[in-house]
Amino acid sequence: MSTAIPPRPRTLGPIPRQVGTRRRFGIVASQFNGEYVQGLVDHAVRELRELVPSAEFDLHQVPGAFEIPIVAREIARQKRADAILALGVIIQGKTDHAELVARAVTDALQRVAIEDGVPIIDAVLSLKDETQARERCLEEEMNRGTEAARAAVHMANLIAQFR
């Protein structure tokens with residue numbers, strides 16, 4: 001069995017611009033590592049506006065990544081969004097704390113998505129250092145906020161087909 005990891009796609013392919021389709025997105029963003037998270041938010045909002053000009057979205061800020069799932073759960077349970085974007089940045093330190101938080105957040109977000117039937121795009125990034133954070137949060141080439149918005153639109157459209 002190969003242990004090679006295939007390259008991560010940078011786009012999901014063409015996502016048609018949604019004119020006239022009403023979509024609502026919830027964005028839950030951590031305030032910790034705020035400069036980087038704000039970069040994710042800015043890029044995500046810009047992409048949502050481009051892909052779905054009529055989109056509505058609510059931004060909910062929480063203290064840190066660990067608090068994101070509880071707010072995502074409330075949005076999902078109240079059926080206030082077609083998809084939820086979870087945005088945060090966890091930078092590795094000298095202990096295992098960052099890894100433990102990242103795993104807990106990912107597991108909780110997946111559980112909420114499955115139990116409540118609302119797509120949650122997990123863009124809570126676990127990064128090695130600030131160089132990776134700048135590349136993925138502030139720059140254009142591989143911005144994870146842009147990718148999260150594309151995935152959210154794709155999933156909102158797909159789930160709408162089932163319902």
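Here the structure is a predicted model, which means the values were calculated and not measured. Along the sequence shown, the residues carry numbers beginning at 1.
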Problem set entry | Min side-chain heavy-atom separation C137-V37 under 4.5 Å | no
Problem set entry | L85: which of I27, V45, D122, L59 passes side chain to side chain contact (heavy atoms under 4.5 Å, CB included) | I27
Problem set entry | Close side-chain approach of E35 and L138, heavy atoms under 4.5 Å | yes
Problem set entry | Which atom of A81 lies closest to which atom of G26, heavy atoms considered | CB-N, 3.5 Å
Problem set entry | Nearest-0.5 Å distance that lies between atom CG in L51 and atom CD in E47 | 4.5 Å
Problem set entry | Backbone N/O of R24 and side chain of D82: donor-acceptor pair under 3.5 Å | yes
Seminar exercise, completed: Separation between CG (L87) and CD (Q61), nearest 0.5 Å, reads 10.5 Å
Exercise. Does a side-chain heavy-atom distance below 4.5 Å link E141 with E135?
Worked result: no
Exercise. Hey, is the main chain of R77 close enough, under 3.5 Å, to the side chain of D116 for a donor-acceptor pair?
Worked result: no
Seminar exercise, completed: By side chain to side chain donor-acceptor pair (under 3.5 Å), T146 pairs with (sequence neighbours left out) none
Exercise. Between the main-chain N or O of R134 and the side-chain N or O of R136, is there a donor-acceptor pair closer than 3.5 Å?
Worked result: no
Exercise. Near E99 CD, under 6.0 Å, is it more than 12 heavy atoms from other residues, nucleotides or ligands?
Worked result: no
For this session: May I ask you to test the E74-R80 pair for a side-chain heavy-atom distance under 4.5 Å?
Result: no
For this session: Look up atom CG in L40 and atom CZ in R144, then write down how far apart they are to the nearest 0.5 Å.
Result: 10.0 Å
Exercise. When rounded to the nearest 0.5 angstrom, what is the spacing between CD in E67 and CD in Q31?
Worked result: 9.5 Å
For this session: Apply side-chain hydrogen bond (donor to acceptor under 3.5 Å, both in side chains) to the pair Q38 and D42, showing each step before the final yes or no.
Result: CA-CA 6 Å; Q38 189 61 51; D42 292 345; 2.7 Å; yes
Exercise. Under the side chain to side chain donor-acceptor pair (under 3.5 Å) test, which residues partner E140, sequence neighbours left out?
Worked result: H43
Exercise. Apart from I84 itself, what residues make up its hydrophobic cluster when side-chain heavy atoms of I, L, V, M, F, W and Y under 4.5 Å apart count as a link, directly or indirectly?
Worked result: V28, V62, F66, I68, I70, V71, I75, I90, V101, V105, L109, V112, V118, I120, V124
Problem set entry | Nearest non-hydrogen partners of A149 and A44, listed with the distance | CB-O, 3.4 Å
Exercise. What heavy-atom pair brings G88 and S30 nearest, and what distance separates the two atoms?
Worked result: CA-CB, 4.1 Å
For this session: Measure the shortest side-chain to side-chain distance between L125 and I91 over non-hydrogen atoms and say whether it is less than 4.5 angstrom.
Result: no
Problem set entry | Sub-4.5 Å side-chain heavy-atom contact between L127 and Q92 | no
Exercise. If you measure only the distance, is there a donor-acceptor pair under 3.5 Å linking the side chains of N143 and E147?
Worked result: no
Exercise. Could you walk me through whether R103 and D107 pass the salt bridge (Lys or Arg N to Asp or Glu O under 4.0 Å) check?
Worked result: CA-CA 6 Å; R103 173 58 49 205; D107 291 346; 3.4 Å; yes
Problem set entry | Distance, nearest 0.5 Å, that separates CD1 of I121 from CZ of R150 | 13.5 Å
Exercise. Are the side chains of L100 and T95 in touch, meaning some heavy atoms are under 4.5 Å apart?
Worked result: no
For this session: Go through the steps for V89 and F32 under the test side-chain contact (heavy atoms from CB on, under 4.5 Å), then give the verdict.
Result: CA-CA 7 Å; V89 173; F32 200 78; over 6 Å; no
Exercise. So R23 and E56, salt bridge (Lys or Arg N to Asp or Glu O under 4.0 Å) or not? Walk me through it.
Worked result: CA-CA 6 Å; R23 293 280 181 256; E56 297 178 24; over 6 Å; no
